[in-house]
Number of protein chains: 2
Amino acid sequence: MQFLLEVVEILTSYIRKTFDRSTKVLDFHHPHQLLEGIEGFNLELSDQPESLEQILVDCRDTLKYGVRTGHPRFFNQLSTGLDIVGLAGEWLTSTANTNMFTYEIAPVFVLMEQLTLKKMREIVGWPDGEGDGIFSPGGAISNMYSVMIARYKFFPEVKTKGMAAAPRLVLFTSEHSHYSIKKASAALGFGTENLILLNTDERGRVIPADLEAKVIEAKRKGHVPLFVTATAGTTVYGAFDPINEIADICEKYNMWLHVDGAWGGGLLMSRKHRHKLNGVERANSVTWNPHKMMGVPLQCSAILVRERGLLQGCNSMCAGYLFQPDKQYDVTYDTGDKAIQCGRHVDIFKFWLMWKAKGTVGFEQHIDKCLDLSAYLYNKIKNREGFKMVLNGEPQHTNVCFWYIPPSLRSLPDGEERRQRLHKVAPKIKAMMMESGTTMVGYQPQGDKVNFFRMVISNPAATRSDIDFLVEEIERLGHDL
Amino acid sequence: MQFLLEVVEILTSYIRKTFDRSTKVLDFHHPHQLLEGIEGFNLELSDQPESLEQILVDCRDTLKYGVRTGHPRFFNQLSTGLDIVGLAGEWLTSTANTNMFTYEIAPVFVLMEQLTLKKMREIVGWPDGEGDGIFSPGGAISNMYSVMIARYKFFPEVKTKGMAAAPRLVLFTSEHSHYSIKKASAALGFGTENLILLNTDERGRVIPADLEAKVIEAKRKGHVPLFVTATAGTTVYGAFDPINEIADICEKYNMWLHVDGAWGGGLLMSRKHRHKLNGVERANSVTWNPHKMMGVPLQCSAILVRERGLLQGCNSMCAGYLFQPDKQYDVTYDTGDKAIQCGRHVDIFKFWLMWKAKGTVGFEQHIDKCLDLSAYLYNKIKNREGFKMVLNGEPQHTNVCFWYIPPSLRSLPDGEERRQRLHKVAPKIKAMMMESGTTMVGYQPQGDKVNFFRMVISNPAATRSDIDFLVEEIERLGHDL
């Protein structure tokens, strides 16, 4: 127990430093350096036990060579920040160390999940919060659930007879959608060729007419259009597909509409921004990851389903050793058979506790603040020398995509040489950023666009001064490239 | 920060009480009672924030109405116990709050995962620990991976073209195997009818001749036998299928051999007991859950694959925004594209830390001790009045399955009335156990066998006195039924 308290001391000291801007975001080392054992930090496992003192040293080293994802200047991922109440919730969760499959061993957590899912469905806009849902180990699995459920709804015999029992089914999603839809189409036996990518407009939003044309084309070939994803907040551009127009087409052609709000779902908590998801209440299923925009510690992702019973019907196998019908309590609270998992980590408590501590209004304030910050960044750089926006117009989400153009490239004419040189700028700046450990932000190419920075803001600790810092740091590091 | 320390105080006090046998295992309430709000414990979420004092009360109440899975008398699940080093590891993990997809943001954890998986493969017996693997959110997902990879190995075109590109594929598994194999066959598009259940002997082990007969039968029908699971430690009986004999048949008919060691894989750490998995080195893939027999906090499950490259080939989609090829470090350490997940929780650290603290020998001692305890239980009750073993002979794993026969039934002749009455005994005793909160153990029917108790021991805190207590408690509660 003394050991545990010493670990807590290490952790609290780490947390304090994380929020201190004079601390580095990371202390970068290459894999081979860490594997060789820097300053005695030995990653190898051995037959004999280490002393508890050494274990404490291992804990310190693990944190030292890691990345401070809660640091106010960490912008690298959609999940950033470190909420203290959420963290406390996760510590309690691991102390309780139980499993979500039955009410029997997780009575409180099962009820919290049920109430929270209902609340989320109310916020989506389904009457009385009716429907179903489950927390899954991440957005990719939540999206996979949506495809499975859609298939079960229209072709329930696939559960017993396999894909051979169905006609050739096709799925539709934005060319900018998350790759998990593609992973699901491969894993579930549809095949990636039967996932049809939809064209997008200049802001990265699906063009509804392109969906309809492709649906008609698929039907002409004798294929069966089954499922459409509308992305609410794409990974790179933060684009929101026009859900209502997509929903019209889904209704017309009797297709399942899934809204992937893994990243953008949080905006539903904001009266100011939720209009970007208008039409979401027409979806058949919704993915929503509180561990992204809402700052809940990893992992916390929900799949919400409008029609009750489908999740159960799709996944239940009625294992007698877990879901005994002759228990003394109401066994409809044993929700494990709805899952594709057996054991399931308790992801609900930290989220429930944060909701208690912040209230709905607290989440709203957080989201509004992050979107204000991204507008601030956009306005700061849109006409700044050396910066060029990838998209025109205010960002829809907190994603701000831009190139930094070093002075040496500014006078070069547009063309292949400039493109090739510009393509190398972001990786170089990123590498220097990581080596100096001052901040972190992502970059990637997209279609025919060479590498650009994608700034995203979900970190509650970030302020305007951190945005200023990022911009100046990019200029400092990139100036002489 | 003060708040966090107060939470730690609540948690350490909870932990102390958990290890104190005079504390109840649980304080049972029905769902409606908890939903109504016992003693002011209000589960409902609201718009406005609660005070931090109230949050602390919520934390206390959550623990109060939960189940102490670390209690020395909690035997209800395959995952029990509360390892303090593992717990510290999980607290650190949630403080670091990062994601396994890239080396960039989880350098230390990615390397730990790599080294630990290699060590596990060495223990499985693959030369030099070669091969591949990944930690997944649980045994069901690990088993799902194995089916996906097998399909990719033999029919890689399914990834792009779907199941229509393959002939009718069939899978084989024990009638006693875990239901996740069935869930995988449904989810991945095989269909549960194409999962063929294998007969078992009197101890619940697959009969190899039955496998061969069913393979031949499938081929005769023109189907393609693809995949066989050998279970190392079935859920109810703890049976170990004869891997070598199954491997012979897999080789003969060119099928993928998966060993589901979710529950029994831990025995590989014991020189005394690992012979029960003889032949495991011939498997193409192995599921092994350290969160079960090895006492690692939930969730911690590994899927190990003998052939390198298959996981990557099967799942990779090369998303440019996450797996940029032009990073400054060796990007083969970015392992995220091998997963069906995108974000992936850090499940490795607690396990790595426990391994450091215990050494391989510490896990061995833990496992030997648990198996000794189950032998103790078996010997205690096998000839005890009122107890009847479900299986003859010493248990292979820590599962001990038995009926308790109350005095009122002992003189009843075998027959339908006795069966029906006996079927109700275990649920009644379990219900009383939960209401009194003294201990917890599972029960279920199996095939034509009416409800019996399934005792399992994985809890490092359990001693012989706890086994004695369980037996006496069953007698006390069941005596007058």
Side-chain angles (χ1 to χ4, degrees), chain A residues 7-8 11 30-31 43 45 47-50 55 62 65-67 69 88 90-91 94-98 105 108 119 137-138 140 159-163 179 182 186 189-193 236 297 299 317 319-321 326 328-329 333 340-343 345 355-360 362 427 431 444, chain B residues 7-8 11 30-31 45 47-50 55 62 65-67 69 88 90-91 94-98 105 108 115 119 137-138 140 159-163 179 182-183 186 189-193 236 297 299 317 319-321 326 328-329 333 341-343 345 355-360 362 427 431 444:
Chain A
V7 172
V8 166
L11 298 178
H30 286 280
L43 292 168
L45 299 167
D47 289 349
Q48 296 305 318
E50 274 182 3
I55 294 296
T62 299
Y65 299 109
V67 176
T69 60
E90 196 66 342
W91 287 9
S94 43
T95 308
N97 192 32
T98 195
I105 64 159
V108 181
K119 192 93 179 167
K159 180 177 179 181
T160 49
K161 300 195 181 301
M163 286 297 268
Y179 70 96
K182 206 166 164 189
F190 292 86
T192 53
E193 287 177 7
V236 178
Q299 57 190 44
M317 297 291 166
Y321 53 83
D326 49 7
Q328 87 267 38
Y329 59 84
Y333 287 91
I340 53 169
Q341 302 183 260
C342 173
H345 188 260
W355 203 321
K356 280 277 188 188
K358 285 173 175 291
T360 313
Q444 65 285 299
Chain B
V7 171
V8 167
L11 298 179
H30 285 278
L45 299 166
D47 290 349
Q48 296 305 317
E50 273 182 3
I55 294 296
T62 299
Y65 297 110
V67 176
T69 60
E90 196 66 343
W91 287 10
S94 43
T95 308
N97 193 32
T98 193
I105 64 159
V108 182
L115 291 172
K119 192 93 180 168
K159 181 178 178 181
T160 49
K161 299 195 179 304
M163 287 296 269
Y179 70 98
K182 206 166 164 187
K183 289 211 179 197
F190 292 86
T192 52
E193 287 177 6
V236 177
Q299 57 190 40
M317 297 292 164
Y321 52 83
D326 49 7
Q328 87 267 40
Y329 59 85
Y333 288 92
Q341 301 186 261
C342 174
H345 188 259
W355 203 321
K356 280 276 187 188
K358 284 171 176 289
T360 312
Q444 66 285 299

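Heavy-atom basis, side chains included; hydrogens, waters and symmetry copies ignored.
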_Pair Thr192(B), Met317(A) - check side-chain contact (heavy atoms from CB on, under 4.5 Å), show working._
CA-CA 10 Å; Thr192(B) 52; Met317(A) 297 291 166; 3.9 Å; yes

*asked:* Please rank Lys182(B), Met163(B), Glu90(B), Gln328(B) by heavy-atom pairs under 4.5 Å with chain A and give me the top one.
replied: Gln328(B)

*Just give me the residue among Trp91(B), Tyr65(B), Tyr329(B) that pairs up with chain A most often, heavy atom to heavy atom, under 4.5 Å.*
Trp91(B)

*For the residue pair His345(B) and His345(A), categorise the inter-ring angle as parallel (less than 30°), tilted (30 to 60°) or perpendicular (more than 60°).*
tilted

*Gln48(A) side, atom CD; Lys356(B) side, atom NZ - distance, nearest 0.5 Å*: 13.0 Å

*Contact winner vs chain B - Val67(A), Ile105(A), Thr62(A), Asp47(A), heavy-atom pairs under 4.5 Å*: Asp47(A)

*asked:* Ignoring hydrogens, what is the shortest heavy-atom contact between Asp326(A) and Pro427(B)? Give both atom names and the distance.
replied: OD2-CG, 3.5 Å

*Flag the one option from Val8(B), Val108(B), Val7(B), Val236(B) with the top tally of heavy-atom pairs under 4.5 Å to chain A.*
Val108(B)

*Enter the distance from Thr160(A):OG1 to Glu193(B):CD here, rounded to the nearest 0.5 Å.*
4.5 Å

*asked:* At a heavy-atom distance under 4.5 Å, which candidate from Ala96(A), Pro297(A), Cys342(A) has the highest pair count against chain B?
replied: Cys342(A)

_Donor-acceptor pair, distance only, cut-off 3.5 Å: does the side chain of Thr69(B) make one with the backbone of Thr98(A)?_
no

*Taking every heavy-atom pair that is under 4.5 Å apart, which of Ala186(A), Ala357(A), Gly362(A), Gly66(A) has the most such pairs with chain B?*
Ala357(A)

_Closest-packed option against chain B by number of heavy-atom pairs under 4.5 Å, given Ala431(A), Pro49(A), Ala140(A)_ = Pro49(A)

_Counting only non-hydrogen atoms closer than 4.5 Å, does Lys119(A) touch chain B with its backbone (N, CA, C, O), its side chain (CB onward), both, or neither?_
side chain

*Roughly how far, to the nearest 0.5 Å, is CG of Leu11(A) from OG1 of Thr95(B)?*
4.0 Å

_Taking every non-hydrogen pair under 4.5 Å, which of Gly343(B), Ala88(B), Gly138(B) racks up the most with chain A?_
Ala88(B)

*asked:* Using modelled atom types and a 3.5 Å cut-off, is there a donor and acceptor pairing between side-chain atoms of Gln341(B) and backbone atoms of Pro137(A)?
replied: yes

*Where on Phe190(A) is there a heavy atom nearer than 4.5 Å to chain B: the side chain, the backbone, both, or neither?*
backbone

